*Asks:* 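To start, I am sharing the structure in question, which I have written as structure tokens.
Numbers here simply count residues along the sequence, with the first being 1. No experiment lies behind these values; they were computed from the predicted model shown.
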Amino acid sequence: MRHGKYPFIIGFLVVPVALYVTFVVWAYIQAFYLSVYEWSGLGPVENFVGLGNFRKMWDDTLFWQSLKHNIFVLVLLPIITIVIALVFAFLLNVGGGSSGGVTKGVWGSKAYRIIFFFPQLLALAIIAVIFGRVFGPDKSGMINGLFPESWTPWLFLADERYAMACILVVLVWQAVGFYVVLFSAGMGNIPTEVYEAAAIDGASRITLFFKITIPLLWNTVQVAWVYLGIAAFDCFALVNIMTVDRGGPDGASSVLSLMIYRNAFEFSQAGYASALGVVLFFLTLTFAALTLRVTRRESVEA
């Protein structure tokens, strides 16, 4: 500090900023650069195609199919996860009513927090392997194995109609615990006097949930919505490990992140994969910006 405030601040920031620029910003720049080239991923980058990769993407039916699956998850994952997490967090913090002037959760709420959070301790790859067997399309599958031999097994991941629904179920199961803890922390910051005053006025638990908890927790819900939306644009690990033929059957569970990986590392089309990455970047950025804008308006109006 003897040399002034700004040299002190710069001294702390120069290394992390340099690392961020090198490994994050530069990677984005390279992706934008490679997206206008036809490149296999090996050798010099020479064959400039301009918007050729994007025109190819426009005519690629698998791209539109994958985008539809991402939108399916984008719409349902935040809604289902946030609703379940809010209900559980409310029960764990306020659901037990008040006793002696203290608002408390349901019996055993501390143990439930640990149980709900447990899926966060497992790597996505492990979760994918576990649920790959749970939704196994034959008698070796955990669910199908519960029924007698005469029972026609459900196809689950091998059925084009239900493959993405199975992925969605696993995503919700894996995410709910984290958001239960997140919303519980937010509810812990709500003054207990607010709940007690509402309870004295005769407010039911449903009224407490919709009229007090959600409005006062809106900023936390907003952040959760953005995080879950970004997660909906990923899904790579689950789809790559769980699904039939990685994105099958017949592209019924393909997502954009899986397309990027396969084009880059299996089909030797790194330029096309970079173009897909650029589109995914703008889709994610647009979603985050729109969500923050729309929910900010709702928060102000409330």
Side-chain angles (χ1 to χ4, degrees), residues 19-75 77 123-125 127-129 132 157-168 170-171 229-289:
L19 290 173
Y20 183 82
V21 170
T22 301
F23 294 106
V24 178
V25 176
W26 181 242
Y28 283 129
I29 294 173
Q30 283 185 313
F32 278 87
Y33 170 74
L34 294 173
S35 67
V36 294
Y37 283 86
E38 184 179 353
W39 183 49
S40 66
L42 300 172
V45 181
E46 296 176 343
N47 190 12
F48 178 79
V49 294
L51 297 178
N53 286 323
F54 296 95
R55 285 193 292 268
K56 176 181 177 181
M57 192 187 310
W58 183 266
D59 297 328
D60 190 346
T61 56
L62 183 59
F63 165 75
W64 294 108
Q65 195 174 8
S66 301
L67 180 60
K68 182 181 71 174
H69 297 154
N70 276 115
I71 293 174
F72 168 80
V73 179
L74 177 65
V75 171
L77 176 62
L124 270 177
I127 292 174
V129 171
L157 293 167
D159 192 321
E160 295 182 10
R161 297 169 296 175
Y162 307 122
M164 282 307 302
C166 293
I167 297 294
L168 179 64
V170 180
L171 285 169
I230 293 173
F233 280 115
D234 185 8
C235 310
F236 169 75
L238 290 181
V239 174
N240 189 48
I241 298 173
M242 279 182 60
T243 57
V244 177
D245 296 328
R246 292 189 296 168
D250 196 23
S253 58
S254 178
V255 291
L256 292 178
S257 55
L258 181 66
M259 278 192 70
I260 293 171
Y261 174 83
R262 300 196 71 179
N263 278 282
F265 299 107
E266 294 182 17
F267 307 146
S268 297
Q269 297 181 10
Y272 184 50
S274 297
L276 289 166
V278 169
V279 171
L280 183 58
F281 168 80
F282 281 112
L283 286 172
T284 306
L285 195 65
T286 301
F287 163 79

*Asks:* Checking Asp234 side chain against Phe236 main chain: does a donor-acceptor pair fall under 3.5 Å?
*Replies:* yes
*Asks:* Carefully, step by step, assess Val73 and Phe233 under the rule side-chain contact (heavy atoms from CB on, under 4.5 Å).
*Replies:* CA-CA 8 Å; Val73 179; Phe233 280 115; over 6 Å; no
*Asks:* Would one find more than 12 heavy atoms of other residues, nucleotides or ligands at under 6.0 Å from atom CZ of Phe265?
*Replies:*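 12 or below, so no.
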*Asks:* Which heavy atom of Ala273 sits nearest a heavy atom of Asn263, and at what distance?
*Replies:* CB-CB, 4.0 Å
*Asks:* With side-chain contact (heavy atoms from CB on, under 4.5 Å) as the test, would you mind laying out the steps for Leu283 and Asn70 before giving the verdict?
*Replies:* CA-CA 10 Å; Leu283 286 172; Asn70 276 115; over 6 Å; no
*Asks:* Do Met259 and Asp60 have side chains that get closer than 4.5 Å, going by heavy atoms?
*Replies:* yes
*Asks:* For Glu266, is there an ion pair with Arg246 - N to carboxylate O distance below 4.0 angstrom?
*Replies:*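 Salt bridge: yes.
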*Asks:* Are side-chain heavy atoms of Asn47 and Trp39 found at a separation under 4.5 Å?
*Replies:* no
*Asks:* Whether the side chain of Trp64 engages the backbone of Asp59 through a donor-acceptor N/O pair (distance < 3.5 Å, no angle test) should be reported.
*Replies:*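 Not at all, since once roles are kept as given, no pair shorter than 3.5 Å links the two residues.
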*Asks:* Considering non-hydrogen atoms only, spot the tightest contact between Ala163 and Ser253 and give its length.
*Replies:*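 That closest heavy-atom pairing would be CB-CB, 4.0 Å.
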*Asks:* Kindly give the heavy-atom pair with the smallest separation between Ala128 and Ala237, and that separation in Å.
*Replies:*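 In terms of heavy atoms, the two residues are closest at CB-O, 4.2 Å.
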*Asks:* Test Val279 against Leu67 for side-chain contact (heavy atoms from CB on, under 4.5 Å), laying out the working first.
*Replies:* CA-CA 10 Å; Val279 171; Leu67 180 60; over 6 Å; no
*Asks:* Rounded to the nearest 0.5 Å, how far does CG of Leu168 lie from CG of Leu238?
*Replies:*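 Spacing of CG (Leu238) from CG (Leu168) equals 10.5 Å.
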*Asks:* Once rounded to the nearest 0.5 Å, what's the spacing between atom CZ of Phe287 and atom CG of Leu74?
*Replies:* 5.0 Å
*Asks:* Does the separation of the ring centres of Phe267 and Tyr272 fall below 6.0 angstrom?
*Replies:* no
*Asks:* Does Lys56 reach the side chain of Glu38, with side-chain heavy atoms less than 4.5 Å apart?
*Replies:* no
*Asks:* Is there a side-chain contact between Leu280 and Leu276 (heavy atoms, below 4.5 Å)?
*Replies:*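 SC-SC contact between Leu280 and Leu276 ruled out.
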*Asks:* Is it the case that more than 12 heavy atoms not belonging to Tyr20 sit under 6.0 Å from its OH atom?
*Replies:* no
*Asks:* Begin with the C-alpha distance, continue with both residues' side-chain angles, and end with the deciding distance and a verdict on side-chain contact (heavy atoms from CB on, under 4.5 Å) for Phe54 and Ser35.
*Replies:* CA-CA 8 Å; Phe54 296 95; Ser35 67; 3.9 Å; yes
*Asks:* Would you name the heavy atoms of Met242 and Leu157 that are closest together and state the gap between them?
*Replies:* O-CD1, 3.4 Å
*Asks:* Does a donor on one side chain sit under 3.5 Å from an acceptor on the other, for Ser66 and Ser254?
*Replies:* yes
*Asks:* When you compare the side chain of Asn53 with that of Tyr37, does any pair of heavy atoms fall below 4.5 Å?
*Replies:* no
*Asks:* May I ask you to check whether Phe282 and Tyr28 place their ring centres under 6.0 Å from each other?
*Replies:*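 Judged by ring-centre distance (under 6.0 Å), Tyr28 and Phe282 do not meet the cut-off.
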